[in-house]
Enquirer: 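To start, I am sharing the structure in question, which I have written as structure tokens.
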Amino acid sequence: LHAPELAPVPAADALLFNAARAQLAAEVIEPALERGEVVICDRFGDSTLAYQGYGAGQSLDALRALMRFAVGVLRPDLTFLIDLPVEDGLRRKQAAEITRFEERADVEFHRRVRDGFLALAAAEPGRFVVIDGSQTADAIEAAIFEALLPQLRRHDELTPRDAEYAANASSPLPSEPERGSLRMGK
């Protein structure tokens, strides 16, 4: 992403991202899920569909098949799409966040990517939560937390660790997270 001298074609990007995703799923995500943990990822397969599919014009069916090969049936239970007009989003990018996608792709590419994400969200409204990205960071965080908290409660109801806590009456059930505890480092 940060090597300007490289210019992979969209198919190569799809293969590279899915290779990385396969490794991440095998080494990190699947073991964590087997332990009953909650896993939060910055991006997953929807990004490949949006960038290489909608943005770069690669076959969505081929990309879906590649993702199935890479991670099987693994997919997010919940996906947050922070939506913002393309020009606003590009303006907000800091120098450290600029990748070859921002450097080389024109505004039309980014519009196709945004439209792709919105199409994915419309196709799966039960999995996607679309959040207005023009709000303040605090309002965006509050919207994410509001949508995430019921999922976390449901997860805690279903995890194997609850039986362990219930068996040991002196151990309280885990408390709900504080809103600020979900923030990533600044």
Side-chain angles (χ1 to χ4, degrees), residues 1-4 6-30 32-33 38-134 137 140-141 143-144 147-148 151 182-185:
L1 288 177
H2 299 283
L6 298 178
V9 296
D13 268 340
L15 291 165
L16 290 168
F17 286 124
N18 275 286
R21 193 170 293 124
Q23 198 71 32
L24 178 68
E27 289 182 355
V28 178
I29 297 172
E30 290 169 343
L33 292 174
V38 173
V39 177
I40 299 175
C41 292
D42 185 358
R43 295 177 185 250
F44 207 67
D46 298 314
S47 293
T48 294
L49 294 175
Y51 278 87
Q52 283 74 49
Y54 288 95
Q58 298 295 292
S59 163
L60 294 176
D61 289 338
L63 293 172
R64 285 185 176 105
L66 179 59
M67 290 184 326
R68 276 191 304 277
F69 178 73
V71 298
V73 297
L74 185 64
R75 54 185 271 142
D77 294 324
L78 188 62
T79 299
F80 294 99
L81 173 57
I82 302 173
D83 182 43
L84 190 64
V86 169
E87 294 81 2
D88 294 343
L90 291 173
R91 214 175 4 262
R92 286 186 183 182
K93 296 289 272 186
Q94 295 176 6
E97 299 173 323
I98 301 295
T99 69
R100 60 185 164 82
F101 288 110
E102 289 82 23
E103 283 182 346
R104 293 197 190 128
D106 61 14
V107 173
E108 288 306 313
F109 171 84
H110 290 286
R111 284 192 183 117
R112 291 190 305 273
V113 170
R114 179 185 184 214
D115 290 346
F117 274 120
L118 292 171
L120 294 170
E124 293 188 69
R127 179 168 68 91
F128 276 84
V129 176
V130 180
I131 297 172
D132 178 3
S134 67
I140 292 169
E141 177 188 346
I144 291 171
L148 184 58
Q151 288 284 102
L182 296 176
R183 283 193 179 194
M184 301 301 285

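Treat the numbers as computed from the prediction; the structure is a model and nothing was measured. Just so you know, these numbers use all the heavy atoms, side chains as well, and skip hydrogens, waters and symmetry mates.
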Enquirer: S59 and D61: side-chain donor and acceptor closer than 3.5 Å?
Expert: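 Looking only at side-chain atoms, D61 and S59 do not form any donor-acceptor pair under 3.5 Å.
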
Enquirer: With a 3.5 Å distance limit and no angle check, can you tell me whether D106 reaches the backbone of F109 through a side-chain donor-acceptor pair?
Expert: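 Flag set: sc D106 to bb F109 pair under 3.5 Å.
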
Enquirer: Between R91 and D88, does a salt bridge (charged side-chain N to carboxylate O under 4.0 Å, His left out) hold up when you go through it step by step?
Expert: CA-CA 5 Å; R91 214 175 4 262; D88 294 343; 2.3 Å; yes

Enquirer: Hey, are the side chains of R127 and D46 touching, using non-hydrogen atoms and a 4.5 Å cut-off?
Expert: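 Yes, at least one pair of side-chain atoms sits under 4.5 Å.
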
Enquirer: With a 4.5 Å cut-off on side-chain heavy atoms, are I144 and I82 touching?
Expert: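 Answer yes - side chains close enough.
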
Enquirer: Walk me through it: do V113 and Y54 pass the test side-chain contact (heavy atoms from CB on, under 4.5 Å)?
Expert: CA-CA 6 Å; V113 170; Y54 288 95; 5.9 Å; no

Enquirer: Do the rings of F117 and Y51 sit parallel, tilted or perpendicular, given the 30° and 60° boundaries?
Expert: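 Geometry flag for Y51 against F117: perpendicular rings.
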
Enquirer: When you compare the side chain of E124 with that of T79, does any pair of heavy atoms fall below 4.5 Å?
Expert: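 No, their side chains stay 4.5 Å or more apart.
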
Enquirer: Does a side-chain heavy-atom distance below 4.5 Å link F17 with Q52?
Expert: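 When only atoms from C-beta onward are counted, Q52 and F17 do touch, with a gap below 4.5 Å.
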
Enquirer: Could you report the tightest heavy-atom contact between A25 and L74, atom names first, then the distance?
Expert: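 So the minimum-distance heavy-atom pair works out to CB-CD2, 3.7 Å.
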
Enquirer: Quick check with a 6.0 Å cut-off and a 45 degree axis cone: is R75 positioned over the face of F44's six-membered ring?
Expert: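 Verdict for F44: no cation-pi partner in R75.
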
Enquirer: Work out which heavy atom in S134 is nearest to a heavy atom in L84; give both atom names and the distance.
Expert: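 Looks like N-CD1, 3.6 Å.
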
Enquirer: Nearest 0.5 Å, what's the OG1-CG distance between T48 and N18?
Expert: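 Going from the OG1 atom of T48 to the CG atom of N18 covers 4.5 Å.
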
Enquirer: Give me the atom names and distance for the closest heavy-atom approach of I140 to G133.
Expert: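 Reported closest heavy-atom pair: CD1-O, 3.7 Å.
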
